[in-house]
2 protein chains.
Amino acid sequence: MLATEKIAYDSNLPVDPRVEALVTELIGRVADKWTLLVLEELEDHGVLRFTELARGVAGISQKMLTQTLRAMERDGLVERTVHPVVPPKVEYRLTPLGHSLGEAFCGVWHWAGENLDRVEAARRTFDERG
Amino acid sequence: MLATEKIAYDSNLPVDPRVEALVTELIGRVADKWTLLVLEELEDHGVLRFTELARGVAGISQKMLTQTLRAMERDGLVERTVHPVVPPKVEYRLTPLGHSLGEAFCGVWHWAGENLDRVEAARRTFDERG
DNA sequence: CCGTATCCGTTGCGATACTG
DNA sequence: CAGTATCGCAACGGATACGG
């Protein structure tokens, strides 16, 4: 579906600076490390509870998980469902918007996987020359 | 060229956790706000001097520009050419690797532009419900 | 189980001043 | 012009303790 739409970024045409600023800010927000990992985890598993996410996303603290999930919920990327039972049960899943973001990042994940070796080689070369 | 390669990220197959950690770290490094903006600026204009970049990337401090360019050079994304003249002349341009990263991010830029309104609407809804 | 609240060290980053 | 060096504040983020 993306391929059928017109992509304006190839041109050098001037873009409304305010819109560009907003887009930049949005990317900054969404390109956060934890956001990316939570996104991937939910892409892979569909529906997850808080504790399952905490275990699935290696190294994340409960504080950052909460914070990340709140921000993603606020941005409309994640849907949060509270089941009124004891003990509490809260489920998280991607919205269509969140899923589309995951697809948009596929190219970047792919690039990173394909070029990790090249980047590491470049780093070694750079570091050796002091 | 990317489309002709096998993409493994669609599957739920287990991935070497160490590789995944490296890929994650690389994305975190490269998805930095200033890196993205410098990348776009060099994509648009080809070759730029330090001061031209400073003016082109709105809001960046000289310190962050230096830092960003050094990191990108270390990662093999940017080539730095020093012309031994007075006053000094230093030119920056993307390497093929840097250019390929720019292409990989096209999907994300596109997503952000297309969905900015939706995200802002989601935020308003979220904030109103307190 | 699913959070919130608080403390506190670490880092990020802008502002400023200086150099070849 | 193209940086480097230093300062100082603010934000990030982990650890811990507590609550519905």
Side-chain angles (χ1 to χ4, degrees), chain A residues 21 24-39 41-42 45 47-75 77-93 126-127 129-130, chain B residues 21 24-25 27-38 41-42 45-75 77-94 126-127 129-130:
Chain A
T24 296
E25 184 200 16
L26 178 55
I27 291 184
R29 162 66 260 292
V30 124
D32 170 71
K33 174 187 176 182
W34 296 128
T35 301
L36 252 36
L37 291 178
V38 168
L39 193 69
E41 192 70 11
L42 286 175
H45 296 90
V47 184
L48 289 174
R49 302 179 61 172
F50 186 86
T51 320
E52 293 171 333
L53 275 166
R55 238 177 296 109
V57 179
I60 197 170
S61 67
Q62 111 202 69
K63 176 183 178 178
M64 290 314 296
L65 180 55
T66 302
Q67 215 171 96
T68 303
L69 286 170
R70 283 297 169 283
M72 294 178 75
E73 189 192 356
R74 188 173 108 96
D75 289 348
L77 304 175
V78 155
E79 182 188 311
R80 178 172 178 264
T81 312
V82 182
H83 295 87
V85 297
V86 285
K89 182 176 181 180
V90 180
E91 288 179 330
Y92 295 92
R93 85 191 64 213
F126 185 91
D127 292 345
R129 290 185 321 217
Chain B
T24 295
E25 184 199 17
I27 291 184
R29 163 64 261 292
V30 124
D32 170 70
K33 174 187 177 182
W34 296 127
T35 301
L36 251 36
L37 292 179
V38 168
E41 192 69 11
L42 287 175
H45 297 89
V47 183
L48 289 174
R49 301 178 62 172
F50 186 85
T51 319
E52 293 171 332
L53 275 167
R55 239 177 297 107
V57 178
I60 196 169
S61 67
Q62 159 192 52
K63 177 182 176 178
M64 288 316 294
L65 180 55
T66 302
Q67 215 172 95
T68 303
L69 286 170
R70 283 295 169 285
M72 293 178 75
E73 190 192 356
R74 188 172 108 96
D75 289 348
L77 304 175
V78 155
E79 182 188 311
R80 178 172 177 266
T81 313
V82 182
H83 296 87
V85 296
V86 285
K89 183 175 180 181
V90 180
E91 288 179 330
Y92 294 92
R93 84 192 62 213
L94 290 184
F126 185 90
D127 293 344
R129 290 185 321 217

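Quantities reported herein were computed from a predicted structural model and do not represent experimental measurements. Below, chain A is the first sequence line, B the second, and so on; all start at residue 1.
Nearest to the side-chain atoms of B:Q62 among the listed nucleotides C:dA15, D:dG13, D:dG3 stands D:dG3. Of the candidate nucleotides C:dC1, C:dG20, C:dG14, C:dC1 has the atom nearest to the side chain of A:P88. When the nucleotides C:dC1, D:dT6, D:dG14 are ranked by their closest atom to the side chain of A:M64, D:dG14 comes out on top. Across D:dA17, D:dA2, C:dG14, the shortest atom-to-atom separation from the side chain of B:F50 is found for D:dA2. The listed nucleotides are D:dC1, C:dG14, C:dC2; the one nearest the side chain of B:W34 is C:dG14.
Atom pair B:L48:CG and D:dA2:C1' shows a separation of 15 Å (rounding to whole Å applied). Remark: P of C:dG3 and CD of A:E52 are 13 Å apart, rounded to the nearest angstrom. One can place CD of A:E91 at 9 Å from P of C:dC2, the figure rounded to the nearest angstrom. Counting to the nearest Å, the P atom of C:dG12 and the CD1 atom of B:I60 are 15 Å from each other. Regarding B:L65, its CG atom lies at a distance of 14 Å from the C1' atom of C:dC13, rounded to whole Å. D:dC12 atom P lies 10 Å from atom CG of A:D32, rounded to whole Å.
Between B:Y92 and the phosphate of D:dC1, there is no side-chain N or O to OP1/OP2 separation shorter than 4.0 Å. OP1 or OP2 of C:dG3 sits under 4.0 Å from a side-chain N or O of A:R70. OP1 or OP2 of D:dA2 lies within a sub-4.0 Å distance of a side-chain N or O belonging to B:T51. In this model, the phosphate group of C:dC2 is approached by a side-chain N or O of A:R49 to a distance below 4.0 Å at OP1 or OP2. Note on B:R80: a side-chain N or O is less than 4.0 Å away from OP1 or OP2 of D:dG3.
With DNA chain C read from its 5' end, the first of the two nearest nucleotides for A:L69 and A:K63 is the one closest to A:L69. When each of A:P87 and A:T66 is assigned the nucleotide of DNA chain C with its nearest heavy atom, A:P87 is the one assigned upstream, toward the 5' end.
Contact of the A:D75 side chain with the B:F126 side chain is not registered, since no non-hydrogen atoms from C-beta on lie closer than 4.5 Å. B:T81 places none of its side-chain heavy atoms less than 4.5 Å from the side chain of B:V47. Between B:L37 and B:T68 the shortest side-chain heavy-atom distance does not fall below 4.5 Å. At least one side-chain heavy atom of B:L69 sits under 4.5 Å from a side-chain heavy atom of B:V38.
Taking both residues in full, the closest heavy atoms of A:D32 and A:W34 are given as OD2-N, 3.1 Å, listed atom of the first, atom of the second, then distance.
For D:dT4, the base has no donor-acceptor partner in the side chain of B:Q67 [N/O atoms by modelled type, under 3.5 angstrom].
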